[in-house]
2 protein chains.
Amino acid sequence: MPTKTRLNFFPRLVMERPDIALCRVSTLITRAAELQGHANNVGANHHLVLKMLVNVGPCSQQTLSEELRIDRSVMVGIADDLQKAGYVSRERNPDDRRAYQVDITGAGKTALLHAESSVPKFLNDVFAALTAAERDQLTKILAKVLEID
Amino acid sequence: MPTKTRLNFFPRLVMERPDIALCRVSTLITRAAELQGHANNVGANHHLVLKMLVNVGPCSQQTLSEELRIDRSVMVGIADDLQKAGYVSRERNPDDRRAYQVDITGAGKTALLHAESSVPKFLNDVFAALTAAERDQLTKILAKVLEID
DNA sequence: TCAAGATGGTCTGTTATCAAACGATTGAGT
DNA sequence: ACTCAATCGTTTGATAACAGACCATCTTGA
């Protein structure tokens, strides 16, 4: 039988089109997260919302979605989920009755702590091939790319 | 009126969870591509298939999808599109009648050349914030992360 | 030769995401 | 006071991608 040909065409593509490589890595991350169960990248959006609420206090859905780069219409579902789980409260802002005032609850803080505890392991798995220095470089480069505001 | 608060919470997230930053960058790329019309990231998959066919010759859909990290079931649609456009031929492999023999046509080569010509500008726009050295670093880091075969 | 498993391509259902439109509310200008 | 545009949250429709099942074909091993 014809042995499986190893083409290794992709590395060349990475050099020529890093943008596509970025997309591939990001789907790779999603898969890795799914393998590890929840609280990593599956539910990453929920995770981020809780994290932000702890760090900056009560927010409107709009603020959350702008700051976290999550679409407004997606944020609706996330807020639904978190509220249903009892992780956030969601009251109308009395000063602006269009907006909600989303805030994290005690249960939400507990859940966040639990989720956070599994993050280091996850990152280690995803970026296993990278040295600490390379991870720092990557982080800085990504921050620069995202500085589009 | 209360001035729009700039929270800048996201940079902190980039430091703590580069995996999420990667995902955000990749959606950012998709958006940028859409703004610029086609032949960049919109249709990136089609582009990649043509590019690979030129470089490695006729392939089965399976080989294309493995090498390019595109799901088999997605590859079906891509091959359909390319064939319909006259950019590839698609005949059964006589040695293995399960598999197709996908090959690029003259029209496909022309289309690829045209698409390639707009890539440098696109990459420049997406990675505008990065120096040449940083782009090299990013490319190398991505290649390393993807070295999961 | 024949049965069992692997492989190539396809199709269906599910999920995540975005764009666009909508009602409700707010703010600005007149 | 009144109108008009902007904003907040929501819903709907569209698209991309993946998982899983499916059939046809090939390969392996008895």
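Just so it is clear, the values below take in all heavy atoms, side chains as well, and ignore hydrogens, waters and symmetry mates. In what follows, chains carry the letters A, B, and so on, assigned in the order in which the sequence lines appear, proteins first and then strands, with residues in each chain numbered from 1.
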Grab the [atom1]-[atom2] distance between [X] and [N] for me, whole Å please.
X	N	atom1	atom2	value
B/L82	C/dG9	CG	C1'	16 Å
A/I70	D/dC8	CD1	P	16 Å
A/R31	D/dA17	CZ	P	12 Å
A/E91	D/dG9	CD	C1'	16 Å
B/L68	D/dC18	CG	C1'	17 Å
A/L64	D/dG9	CG	P	9 Å
B/N93	C/dG8	CG	C1'	11 Å
A/H47	C/dA16	NE2	P	17 Å

Worksheet item: Looking at residues at least two apart in the chain, or sitting in another chain, which of them share a salt bridge (Lys or Arg N to Asp or Glu O under 4.0 Å) with B/D71?
Response: none
Worksheet item: Can you name the residues that form a side chain to side chain donor-acceptor pair (under 3.5 Å) with B/Q83, not counting sequence neighbours?
Response: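 B/R90.
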Discussion item. Please enumerate all residues that pass side chain to side chain donor-acceptor pair (under 3.5 Å) together with B/R97, with sequence neighbours excluded.
Written reply: none
Worksheet item: Roughly how far apart are A/M75 CE and A/D80 CG, rounded to 0.5 Å?
Response: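 Spacing of CE (A/M75) from CG (A/D80) equals 11.5 Å.
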Worksheet item: Going from OG on B/S118 to CG on B/L123, what distance comes out if it is rounded to the nearest 0.5 angstrom?
Response: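 It is 9.5 Å, given to the nearest 0.5 Å.
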Distances under 3.5 Å between protein N/O atoms and the N/O atoms of nucleotides 10-15 of chain D, please, pair by pair.
{"residue": "D/dT10", "atom": "OP1", "partner": "A/R90", "partner atom": "NH2", "Å": "3.2"}
{"residue": "D/dT10", "atom": "OP1", "partner": "A/Y100", "partner atom": "OH", "Å": "3.4"}
{"residue": "D/dT10", "atom": "OP2", "partner": "A/Q61", "partner atom": "OE1", "Å": "3.1"}
{"residue": "D/dT10", "atom": "OP2", "partner": "A/Q61", "partner atom": "NE2", "Å": "2.8"}
{"residue": "D/dT10", "atom": "OP2", "partner": "A/R90", "partner atom": "NH2", "Å": "3.0"}
{"residue": "D/dT10", "atom": "O4", "partner": "A/R72", "partner atom": "NH2", "Å": "3.4"}

Practice prompt. Using five pairs at either end of the helix from C/dT1-D/dA30 to C/dT30-D/dA1, determine the angle between the two local helix axes and round it to 10 degrees.
Written response: 20°
Fill in: Within 6.0 angstrom of A/Y87 OH, more than 12 heavy atoms from elsewhere
no
Worksheet item: Can you tell if the side chain of B/L64 reaches within under 4.5 Å of the side chain of B/I70, non-hydrogen atoms only?
Response: no
Worksheet, complete the sentence: For residues 128-138 of chain A, the side-chain hydrogen bond (donor to acceptor under 3.5 Å, both in side chains) pairs (sequence neighbours left out) are A/N124-A/R135, A/T131-A/E134, A/E134-B/K144
Item to complete: Considering just the side-chain nitrogens and oxygens of B/N45, establish if one lies under 4.0 Å of OP1 or OP2 belonging to D/dA16.
Response: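 B/N45 to D/dA16 OP1/OP2: no side-chain N or O under 4.0 Å.
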Worksheet item: Any N or O donor-acceptor pair linking the side chain of A/R97 to the base of C/dT25 at under 3.5 Å?
Response: no
Practice prompt. Between B/D96 and A/D96, name the one whose nearest nucleotide on DNA chain C is closer to the 5' end.
Written response: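 So the residue in question is B/D96.
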Worksheet entry | Residue closer to the 5' end of DNA chain C, B/T27 versus A/P94 (nearest nucleotide) | B/T27
Worksheet item: Any Lys/Arg nitrogen of A/R72 or A/E66 sitting under 4.0 Å from an Asp/Glu carboxylate oxygen of the other?
Response: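 Between A/E66 and A/R72 there is no salt bridge, as every charged N stays at least 4.0 Å from the carboxylate O atoms.
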Fill in: Proximity to the side chain of A/R98 - top-ranked nucleotide from D/dA17, D/dC18, C/dA24
C/dA24
